[in-house]
Amino acid sequence: MMKFIFLMFTMIPLSFMNYFWLVQLTWLLMSFMFMLNYSFNFMYMYISYGFGIDLLSYMMMLLSFWICTLMILASYKIYYYNFWSGLFLFIMLILMLSLFLTFSALNLFMFYIFFEVSLIPVLMLIVGWGYQPERLQAGVYLLFYTLFASLPMMIAIFFYYDKYGSLDFGFLACEFNEFIFYICMNMIFFIKIPLFFVHLWLPKAHVEAPVSGSMILAGVMLKLGGYGLMRMMMVFLHLGMKINYLLIGLSMIGGLLVSLICLRQSDMKSLIAYSSVSHMGLAVSGILTLNYWGMAGAMMMMIAHGLCSSGLFCLANINYERLFSRSLFLNKGLINLIPSLSLWWFLFISSNMAAPPSLNLMSEVMLMSSLLSYSTLNMIFMSFMAFFAAAYSLYLYAISQHGKIYSGLLSFNSGFTREYTLLFMHWLPLNMLIMKGDLICIWN
């Protein structure tokens, strides 16, 4: 555990000396080093100084390492124009450090502190490297939605400590039956994942963020909400059995409505952002069923969505760097201009609509099993959500790749090796992990 933290600290001088690709290579090596520490069971390991990892936190940390590596690879223009690239690498480092400590904390209060700290680097990415002046409003949305629910959670944590005398995850008791305590403790996770009705910060933050900001938001930051819920649901087992059906219903109806919203988006990033709300709505429903299939399916959905959504944002950015627009009215007929990128669009969009052999398919099957065992009424919403997911995915592909080419385009290039490497490194784990899905299913 500590060796990774020390290794990250040694990269601070490299960041400010502007060794951009050396830092990226070091991140990649750290990702592979971390893979060697694989947790083959659900028990905690590498416990030291109040930190340790089990399978859930291991998978989330590995996803964080991988996405952060690819973020540097995607942000070539920051390096090319030397747009504060040293500061960018330093913020990336602080972000990864805070995520590493969030996922490995064994104490609820330590988890809360690092959970809040991870918000600051993302805010700096959006406000510092975003595209339009509206990025300030997006940053305020992101900050205040999270801070609005963080104070009640802190009070709930202190109240819990006063009553039970311990905040270690291993000692959390399942005796709380107060509804107000349930809302105070979990509201921040519902905002983060995000649940329908408290999701409005997400599309705004995604649209205004640079590609690296969108990747970390979709890839890891939404997963903080799911991770927190999966850790805290053991405290609310009795109460959850009585009231979770309300939140599952809200999440299912919300997922259906958001899928319909996707069908009328003209901004590519906005469409991908709204599809994230729909997919994570399914994951939060799985967690709230409180059964094994729901938990394992939600964990798998978080990994699959992190890779797939991050890859789609990379594709949208590759188009943006050429056309200087994210509008689907201008991004047309691209199969004639960049046919090799059309293949990648097809591969990622097919994964987004849960086509085999993607991890999305396996996670959706598990979540559907969980939600059907909870209530057969969920079948209505799930069937519509699956249908509309396919509809908006095909809409995005058909509009962007087919049609008449926009005549105002100036010069064009068909893609760099760096971009294809970036897309391949998203797609390969997304479609290969299904081979070893049993290793992800053993966490309980």
Just list the side-chain donor-acceptor pairs under 3.5 Å for residues 181-198, sequence neighbours left out, or say none.
{"from": "Y182", "atom 1": "OH", "to": "N244", "atom 2": "OD1", "distance (Å)": "2.6"}
{"from": "N186", "atom 1": "ND2", "to": "Y182", "atom 2": "O", "distance (Å)": "3.3"}

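Screening residues 413-424 for salt bridge (Lys or Arg N to Asp or Glu O under 4.0 Å) gives R322-E419 as the qualifying pairs, with residues at least two apart or on separate chains.
Applying the ring pair (Phe, Tyr, Trp, His ring centres under 6.0 Å) test between F109 and each of F158, F114, Y161 identifies F158 as the sole match.
Residue-environment remark: CH2 (W129) exceeds the threshold of 12 foreign heavy atoms within 6.0 Å. No more than 12 heavy atoms of other residues, nucleotides or ligands sit less than 6.0 Å from atom CH2 of W84. Other residues, nucleotides and ligands contribute more than 12 heavy atoms inside 6.0 Å of the OH atom of Y112. Atom OH of Y79 sits in a sparse spot, with 12 or fewer heavy atoms from other residues, nucleotides or ligands closer than 6.0 Å.
Contact annotation: the side chain of Q401 never approaches that of L341 to less than 4.5 Å [non-hydrogen atoms, C-beta and beyond]. Within the 4.5 Å cutoff, the side chain of M232 has heavy atoms near those of the L172 side chain.
If you take CG on L101 and CG on L97, they are separated by 5.0 Å, rounding to the nearest 0.5 Å. With rounding to the nearest 0.5 angstrom, the CZ atom of F381 is 10.5 Å from the OG atom of S285. Taking NZ from K269 and CD from E208, the interatomic distance works out to 8.5 Å, rounded to the nearest 0.5 Å. Atoms CG and CE, on L282 and M385 in that order, are 4.5 Å from each other to the nearest 0.5 Å. We find the CG-CG distance between L312 and L423 to be 9.5 Å, quoted to the nearest 0.5 Å.
Aromatic ring pairs are classed by plane angle as parallel below 30°, tilted from 30° to 60° and perpendicular above 60°; the pair Y160 and Y164 is tilted. Below 30°, between 30° and 60°, or above 60°: for F100 and F65 the angle between ring planes is above 60°, a perpendicular geometry. Taking the six-membered ring where the residue is Trp, F20 and F88 present parallel rings, their angle staying beneath 30° rather than reaching 60°. Using cut-offs of 30° and 60° on the angle between ring planes, the pair Y131 and Y320 is tilted.
A distance below 6.0 Å separates the ring centres of F103 and Y227. Taking the six-membered ring for Trp, Y46 and F51 have ring centres at least 6.0 Å apart.
For K204, the side chain to side chain donor-acceptor pair (under 3.5 Å) criterion is met by no residue, not counting sequence neighbours.
Using modelled atom types and a 3.5 Å distance limit, the side chains of S275 and Y392 yield no donor-acceptor pair. Checking N360 against S363 by side-chain atom types alone, no donor-acceptor pair falls below 3.5 Å. A donor-acceptor contact closer than 3.5 angstrom is absent between the side chains of S166 and D168. Residues S118 and T102 have side chains that never bring a donor and an acceptor to within less than 3.5 angstrom of each other.
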